[in-house]
Amino acid sequence: MKNIYGMTLEKLEQYFESINEKKYRALQIYEWLYQKRVRDIKLFSNIKDDLKNTLIKDFSFDRPEIVKIEKDEETAKYLFKLQDGKYIESVLMHHNYGNSVCVSSQVGCNMGCLFCASGKLKKERNLTASEMVSQIMMIEEDMKVRISHVVIMGIGEPFDNYDNVLDFIKIINNDKGMAIGARHITVSTCGIIPKIEAFMKENLQVNLAISLHGADNETRGKLMPINKVYDIDSLIDVLKKYVSITNRRLTFEYILLDNVNDSKEDALKLVKLLKGINCYVNLIPYNETNSGGFKRSSKDKILAFFDILKKNNIQVTIRREFGSKVTAACGQLRANYTSKGVIE
Ligand code: SAH
């Protein structure tokens, strides 16, 4: 059975037409779900009883369950239990410009990046659009805040779950849905080229971030198995096309790992690779996990790397750290839970 929170407005309109109902019913439902935030369909006062019964028969209104919250001053990390007993996590971050949520897109991940805690647990399944929408709605309701920004950078590879991620974006972006501006939504991918090609044709104003982490095939290939399928040159080629078609600025994420990808030469290679591309680089201080034995680069090395990029006119920022007090980076809460044997 389909979950109501996973229906784009367009799909809901098609559904109503298919049962010989007026299309505008979809907007009425959206208002109850996303503006009034009423969960009990019996209270949908402008919907007739027989239509309510049809909706109850055709859709599930279920949501995941919050099983654990870890908070500090600027972060709240949520562990959710899904309908089938699987666990995922999301992180709320308070910024001076608003509140953002880092959303998971899969249960586990198959990309196998060596430094990443999420990748240790293989993909069990894709998340449905409704499970992604619920992460945001439930955090908003639990914390009584409005979420202004969404990053799809939690557990999973969003472009390995393309259709559901796209529906999710359409639902949260719809101004009758959660009305989160497209420019406040960021999808992060490890670089699945065919999906980047598809994404550039969707005509969305969403931000795209690429996890790069290495400026040559040797370095990147050792960290990210996906590089053996889609190498750096092909990736950069498609990204140039992406920028010219969408006119959007790209983000490159680059985790600095001690003695792996953080030398001056690495920085200069990165400069050469990105020269002329409308982009900025987000340098990420590594959150040490027990995956792969990687170490975080020293502050000095991070700053030296930053300076080289800056001097060479590459726009660059160093990611402010969030959540390191609360089991740190995405994937770790769930991974710790699993290693304690809590998740089957
Ligand atoms: N699969 C997607 C999105 C999930 S990962 C992707 O690869 O982009 C989101 C970001 O967090 C990626 O840039 C990833 O490389 C980074 N990341 C993973 N583990 C990390 C860690 N331990 N410390 C810092 N960043 C990490």
Side-chain angles (χ1 to χ4, degrees), residues 1-67 78-90 101 103-107 123-142 146-147 150 152 154-156 158 160-180 182 185 187 202 204:
M1 199 195 306
K2 287 207 167 115
N3 187 298
I4 196 82
Y5 295 104
M7 298 295 283
T8 62
L9 188 63
E10 202 182 357
K11 285 187 181 168
L12 203 53
E13 285 172 348
Q14 285 162 5
Y15 161 80
F16 280 115
E17 283 179 330
S18 77
I19 59 164
N20 293 321
E21 267 290 343
K22 293 276 188 291
K23 228 166 99 165
Y24 69 78
R25 294 280 179 214
L27 263 183
Q28 292 179 323
I29 299 296
Y30 255 49
E31 261 167 33
W32 287 110
L33 297 179
Y34 299 110
Q35 269 123 61
K36 300 187 181 126
R37 297 293 172 101
V38 174
R39 289 196 58 206
D40 183 356
I41 188 170
K42 293 190 193 77
L43 303 174
F44 293 10
S45 51
N46 53 3
I47 307 289
K48 300 165 288 187
D49 279 351
D50 58 339
L51 184 53
K52 280 183 191 160
N53 290 332
T54 311
L55 285 167
I56 291 168
K57 183 169 66 57
D58 288 343
F59 293 102
S60 148
F61 285 68
D62 291 337
R63 296 210 294 202
E65 185 191 325
I66 297 174
V67 286
Y78 283 75
L79 187 72
F80 290 98
K81 187 174 182 180
L82 306 174
Q83 236 70 51
D84 60 357
K86 300 195 186 302
Y87 293 81
I88 51 156
E89 62 182 83
S90 327
V101 169
V103 173
S104 290
S105 57
Q106 298 179 315
V107 181
K123 176 173 103 179
E124 293 175 47
R125 67 172 174 85
N126 286 328
L127 292 190
T128 60
S130 74
E131 287 166 336
M132 291 181 261
V133 170
S134 294
Q135 293 173 54
I136 302 173
M137 289 186 87
M138 292 178 72
I139 292 178
E140 272 195 338
E141 290 162 23
D142 183 63
R146 170 165 155 72
I147 305 298
V150 170
I152 311 173
I155 299 169
D160 184 34
N161 182 16
Y162 188 84
D163 293 344
N164 292 346
V165 165
L166 216 69
D167 277 0
F168 162 65
I169 291 172
K170 287 179 183 161
I171 296 166
I172 61 169
N173 176 232
N174 193 295
D175 54 3
K176 297 288 190 287
M178 301 191 72
I180 298 173
I185 301 171
V187 186
E202 304 284 356
L204 298 167

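These numbers come from a predicted model, not from an experiment. The chain is numbered in sequence order, starting from 1.
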Where do Ile56 and Met1 come nearest, in terms of heavy atoms and distance? O-SD, 4.3 Å
Does the Ser104 side chain pair with the main chain of Ile155, one donor and one acceptor, at a distance under 3.5 Å? yes
State the OG-CD distance between Ser45 and Gln28, to the nearest 0.5 angstrom. 9.5 Å
Lys/Arg-Asp/Glu bridge criterion (N-O < 4.0 Å) met for Glu131, Arg125: yes
Under the side chain to side chain contact (heavy atoms under 4.5 Å, CB included) rule, what do Leu166 and Thr8 come out as? Steps first, then yes or no, please. CA-CA 10 Å; Leu166 216 69; Thr8 62; over 6 Å; no
A side-chain contact here means heavy atoms from C-beta on lying under 4.5 Å apart; do Phe168 and Val150 qualify? yes
CZ of Arg63 to CE of Met137: how many Å apart, nearest 0.5 Å? 5.0 Å
Counterpart residues, salt bridge (charged side-chain N to carboxylate O under 4.0 Å, His left out), relative to Glu10 (two or more places apart): none
Rounded at 0.5 Å granularity, tell me how far NZ in Lys36 sits from CZ in Phe44. 9.0 Å
I want to check something: taking the side chain as every heavy atom from C-beta on, are Leu12 and Ile4 in contact at a cut-off of under 4.5 Å? yes
Check the pair Asn174 / Tyr34 against side chain to side chain donor-acceptor pair (under 3.5 Å), numbers first and verdict last. CA-CA 10 Å; Asn174 193 295; Tyr34 299 110; over 6 Å; no
Which residues satisfy the side chain to side chain contact (heavy atoms under 4.5 Å, CB included) test with Glu13, sequence neighbours excluded? Leu9, Lys23, Ala26
Take Arg39 and Tyr5 through the test side chain to side chain contact (heavy atoms under 4.5 Å, CB included) and record every step on the way to the result. CA-CA 11 Å; Arg39 289 196 58 206; Tyr5 295 104; 3.7 Å; yes
Reported CG-to-CZ distance for the pair Asp40 and Phe61, which is rounded to 0.5 angstrom: 9.5 Å
I'd like to know if the side chain of Asp167 and the backbone of Ala129 have a donor-acceptor N/O pair within less than 3.5 Å. no
Say you draw a straight line from CD of Gln106 to NZ of Lys86; how long is it, rounded to the nearest 0.5 Å? 13.0 Å
Between Asn3 and Asp62 (side chain of the first, backbone of the second, donor and acceptor by atom type, cut-off under 3.5 Å), is there such a pair? yes
Please tell me if the side chains of Ile180 and Asn173 come closer than 4.5 Å, counting only heavy atoms from C-beta onward. no
Pairwise side-chain contact, Gln135 with Phe80, heavy-atom cut-off 4.5 Å (strictly under): yes
Answer whether the closest heavy-atom distance between the side chains of Leu51 and Phe16 falls below 4.5 Å. yes
Close side-chain approach of Val107 and Asp84, heavy atoms under 4.5 Å: no
Who pairs with Asp163 by side-chain hydrogen bond (donor to acceptor under 3.5 Å, both in side chains), at least two apart in sequence or on another chain? none
Nearest 0.5 angstrom please: Asn164 CG to Met132 CE, how far? 5.0 Å
For Ser90 and Val103: C-alpha separation, side-chain torsions, deciding distance, then whether side chain to side chain contact (heavy atoms under 4.5 Å, CB included) applies. CA-CA 5 Å; Ser90 327; Val103 173; 5.8 Å; no
Side chains of Lys11 and Lys170 in contact at under 4.5 Å (non-hydrogen atoms): no
Can you find a heavy atom in the side chain of Asp142 that is under 4.5 Å from one in the side chain of Tyr78? yes
Flag if over 12 foreign heavy atoms under 6.0 Å of NZ, Lys22: no
Exceeds 12 heavy-atom contacts within 6.0 angstrom, atom NZ of Lys176: no
With sequence neighbours excluded, what pairs up with Tyr30 under the side-chain hydrogen bond (donor to acceptor under 3.5 Å, both in side chains) test? none
With sequence neighbours left out, what residues match Asp58 under side chain to side chain contact (heavy atoms under 4.5 Å, CB included)? Tyr15, Thr54
Quick check: closest heavy atoms across Ser105 and Val165, and the distance to 0.1 Å? CB-CG2, 4.2 Å
Quick one: which residue pairs count as a salt bridge (charged side-chain N to carboxylate O under 4.0 Å, His left out) with a foot in residues 45-54, not counting sequence neighbours? Glu21-Lys48, Asp49-Lys52
Side chain to side chain contact (heavy atoms under 4.5 Å, CB included), that's the test. Do Leu127 and Leu82 meet it? Break it down for me. CA-CA 9 Å; Leu127 292 190; Leu82 306 174; 3.6 Å; yes
